[in-house]
Amino acid sequence: METPDNATAPEETTRTGIAAQDWATASTEPNYRAAVVDLLGALAYGELAAFERLAEDAKLAPTLGDKAELAKMASAEFHHFEQLRDRLTAIEEEPTAAMEPFAKALDDFHRQTAPSDWLEGLVKAYVGDSIASDFYREVAAALDSDTRELVLAVLDDTGHGNFAVEKVRAAIEADPRCGGRLALWARRLMGEALSQAQRVVAERDALSTMLVGGVADGFDLAEVGRMFSRITEAHTKRMAALGLAA
């Protein structure tokens, strides 16, 4: 997963409460521990799904060079998955059990947004993955220092953003008619991704409690609204980078 440079990130502030603690201290709060296990499980399955999707998208690549680029990105996503899996094991949680609650929602999202061609696949990876990365970066601000460091590390750019922008802009320049189709596709992805994120959070009590402020230093409801506004703003900037209208 990734967040391109033009995405809107939460402002850095002096950390207090859980955000100023390490994992050993923060995890003594049972609800916080459960929320972090959920978060790591969701991220881990997301990275595993991203690996699978990039490997599948490589079949649509028009050139051998494009295929090789996607293979490299898929490898990076799998490495991120391994980091999350290893952290879950280190805190004595079973990785498969932590991922399982999120598998259906993510699988449904990918099934409902299966690209019909190479360009749609690139836009999906750029738009869909970046929305998820923005969401996790926002959540990371409220996490203990050890978990925050891991989450931000696995959201490092795999290179897919710049690759997608280059290829999509070149395609639109060659055939301006495809711009309208891809803009509609990106808007659909935005709606589906936000709906999926909201469903996942709503179904997981510990995670939703942390987000709305039920665990120390979580977000309050007003901040949740501002968070989604920032995510939407970042999406608009990415659409412009692609040469598409939001």
Side-chain angles (χ1 to χ4, degrees), residues 1-7 39-89 95-96 98-137 140 149-171 182 185-186 188-190 192-193 196-197 200 234-235 238 241-242:
M1 290 185 183
E2 63 194 72
T3 297
D5 293 339
N6 63 352
L39 183 66
L40 297 182
L43 257 174
Y45 192 77
E47 295 292 345
L48 185 59
F51 160 73
E52 292 177 324
R53 192 187 67 249
L54 285 169
E56 188 68 20
D57 287 351
K59 298 177 182 178
L60 301 173
T63 71
L64 184 58
D66 292 336
K67 189 185 294 288
E69 282 296 315
L70 287 187
K72 181 173 70 175
M73 295 170 198
S75 176
E77 299 287 13
F78 192 77
H79 177 60
H80 291 162
F81 160 73
E82 290 179 315
Q83 290 176 279
L84 292 158
R85 179 200 61 194
D86 292 348
R87 175 60 65 87
L88 284 163
T89 300
T96 302
M99 291 189 290
E100 187 63 37
F102 307 99
K104 184 179 186 305
L106 282 166
D107 288 347
D108 286 347
F109 169 74
H110 288 306
R111 184 165 52 251
Q112 292 162 3
T113 58
S116 62
D117 60 23
W118 163 249
L119 290 175
E120 286 191 2
L122 288 179
V123 171
K124 178 180 176 180
Y126 182 60
V127 171
D129 284 359
S130 295
I131 291 170
S133 291
D134 287 347
F135 173 74
Y136 288 124
R137 283 181 182 274
E149 181 181 0
L150 172 64
V151 168
L152 294 178
V154 300
L155 297 178
D156 275 350
D157 189 355
T158 62
H160 208 145
N162 291 336
F163 181 77
V165 168
E166 176 187 340
K167 296 296 181 179
V168 171
R169 290 188 74 95
L182 293 176
W185 172 245
R188 178 187 167 194
L189 290 169
M190 175 68 173
E192 292 283 357
Q196 183 244 356
V200 167
H235 169 72
R238 288 192 193 94
L242 286 170

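Since this is a predicted model, take the numbers as computed values, not measurements. Atom set for the values below is all heavy atoms of this structure, side chains included, hydrogens, waters and symmetry mates excluded.
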Residues 52-76 vs ring-ring contact (aromatic ring centres under 6.0 Å, His included), sequence neighbours excluded, gives none
Exercise for review: Mark yes when over 12 heavy atoms from residues, nucleotides or ligands other than Glu149 sit less than 6.0 Å from its CD; otherwise mark no.
Suggested key: no
Taken to the nearest 0.5 Å, the spacing of Asp108 CG from Glu192 CD works out to 10.0 Å
Residues at least two apart in sequence or cross-chain that pass salt bridge (Lys or Arg N to Asp or Glu O under 4.0 Å) with Arg87, listed by chain then number, are none
In terms of heavy-atom contacts, Tyr45 and Phe102 come closest through CD2-O, 4.3 Å
So CH2 of Trp185 and CG of Leu122: to nearest 0.5 Å the spacing works out to 12.0 Å
Sorted by chain and residue number, the salt bridge (Lys or Arg N to Asp or Glu O under 4.0 Å) partners of Asp66 (sequence neighbours excluded) come out as Lys167
Hits for salt bridge (Lys or Arg N to Asp or Glu O under 4.0 Å) against Asp107, two or more places apart or cross-chain, chain-then-number order -> none
Scanning both residues in full, the closest heavy-atom pair of Tyr136 with Leu155 reads CB-CD1, 3.8 Å
dist Glu69:CD -> Lys72:NZ (nearest 0.5 Å) comes out at 4.0 Å
Whether Arg238 side chain and Val165 backbone form a donor-acceptor pair below 3.5 Å:
no
Contacts of Phe51 meeting ring-ring contact (aromatic ring centres under 6.0 Å, His included) (sequence neighbours excluded), chain-then-number -> Phe78
Looking only at heavy atoms, the pair that brings Ala140 and Leu152 closest together is CB-CD2, 4.1 Å
The side chain to side chain contact (heavy atoms under 4.5 Å, CB included) partners of Asp117 (sequence neighbours excluded) come to Leu119, Glu120, Arg181
Contacts of Glu100 meeting salt bridge (Lys or Arg N to Asp or Glu O under 4.0 Å) (sequence neighbours excluded), chain-then-number -> none
The reported gap from NZ in Lys67 to CG in Leu60 (rounded to nearest 0.5 angstrom) is 8.5 Å
Contacts of Glu82 meeting side-chain hydrogen bond (donor to acceptor under 3.5 Å, both in side chains) (sequence neighbours excluded), chain-then-number -> none
In this structure, CZ of Phe81 is separated from CG of Asp86 (nearest 0.5 Å) by 8.5 Å
For Ala74 and Ala55 the tightest heavy-atom approach is CB-N, 4.3 Å
Sorted by chain and residue number, the side chain to side chain contact (heavy atoms under 4.5 Å, CB included) partners of Arg53 (sequence neighbours excluded) come out as Ala50, Asp57, His110, Lys124, Ala125, Asp129
